[in-house]
Protein chains: 2
Amino acid sequence: MKDDRFCNSNCPFTRAIGTIGNKWKPIIINVLGTRTMRFGQLDAIVPHISRKVLSEQLKELEEDGLLERLAYKELPPRVDYKLSEKGLAFLPILENIKEWNLKYEVATIPKETDYKWSKLPQDGLS
Amino acid sequence: MKDDRFCNSNCPFTRAIGTIGNKWKPIIINVLGTRTMRFGQLDAIVPHISRKVLSEQLKELEEDGLLERLAYKELPPRVDYKLSEKGLAFLPILENIKEWNLKYEVATIPKETDYKWSKLPQDGLS
DNA sequence: ATTTGTAGTTACCTACTAGTAACCAGAATA
DNA sequence: TATTCTGGTTACTAGTAGGTAACTACAAAT
């Protein structure tokens, strides 16, 4: 996202939306959870994301202090991603969103085709 | 947004992000809060939004059951928007996001120019 | 007769986002 | 010697989001 009108707003809520208000970041934060994961794992588990977009989002999340990037000086390279304290503090909010959705969403029957999109059963997200 | 890959996902969390995971919807929901507002008021208070995008977002929010649209048969037209039960239930989550941001955000000094973007002091958002 | 007010819609255009495929380093393995 | 492994980056392209300006309806006010 990186919309300066949001990120530089004088309203703290607007700024918050500027940093986490897109579709990928909440998903990435949720997938990471309390685990440490490598780039390739994230790429395999986050559904439909391309490596390009994943690396962009991870970079922004790191800049905004939501996660920590640990690069080992090895070959082939190894990089671990884990949530920072700030990122971990965001997890309960995501839990609330899940509960809110389960409570109020009108039930829909997932189509067959949905499963093609999942790299893991149930998207590995919930 | 309306990304079918998100909205039709078999993961409830992914679906939730599909409906509210963009930059405008949390802002609109927050601005509405417990009040009833007319289209023109929303347009005046939500910073930087165009009428076109506002009406698109309002339509999607209505479709997703987050708000109710009350059109009076008058001329000139009058339309009231208010949050539904589902929308109201989302407000505490937005409160949590505000608190989370205030607690963890690295302090930044708002620039002079920020105030030009605000149609109300402090954006009227917080 | 003209202007004002409201809640949009429409057409057009631009700017950003996201996807794809190819490519990189350099050690370990076959 | 060629391939594999990993975590990206780059160039190119397609698609989408969003902005602007003009336009609508019709009553009431000027």
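Labels below follow one simple rule: chain letters A, B, ... track the order of the sequence lines, proteins then strands, and each chain is numbered from 1.
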Whole-Å distance separating the CZ atom of B:F6 from the C1' atom of C:dA18: 12 Å
NE2 of A:H48 versus C1' of D:dT16: gap in Å, rounded? 18 Å
Classify the angle between the aromatic ring planes of B:F39 and B:Y81 as parallel (below 30°), tilted (30 to 60°) or perpendicular (above 60°). tilted
Take the protein atom CG of B:D43 and the nucleotide atom P of C:dG8, then report the distance between them rounded to whole Å. 11 Å
Closest approach of A:I28 and A:Q57, non-hydrogen atoms and distance? CD1-CB, 3.6 Å
Residues passing the salt bridge (Lys or Arg N to Asp or Glu O under 4.0 Å) test with A:E62, sequence neighbours excluded, are none
Figure out the CD/C1' separation between B:E60 and D:dT16, and round it to whole Å. 13 Å
Can you tell me how far P of D:dC26 sits from CG of B:L75, to the nearest Å? 7 Å
Taking the six-membered ring where the residue is Trp, are the ring centres of A:F13 and B:W100 under 6.0 Å apart? no
Pairs in or reaching into residues 80-89 of chain B: which pass salt bridge (Lys or Arg N to Asp or Glu O under 4.0 Å), with residues at least two apart or in two chains? none
Atom CD1 of A:I49 to atom P of C:dA18: distance rounded to whole Å? 9 Å
Rounded to whole Å, please give me the gap between CE in B:M37 and P in C:dA7. 11 Å
Whole angstrom is fine here: how far is it from CD in B:E74 over to P in C:dG8? 13 Å
Contact letters for nucleotides 7-13 of chain D, in which S counts primed atoms plus P, OP1 and OP2 and B counts the base, heavy atoms under 4.0 Å: BBS-B--
For A:P92 against A:L88, the heavy-atom pair lying closest together: CD-O, 3.4 Å
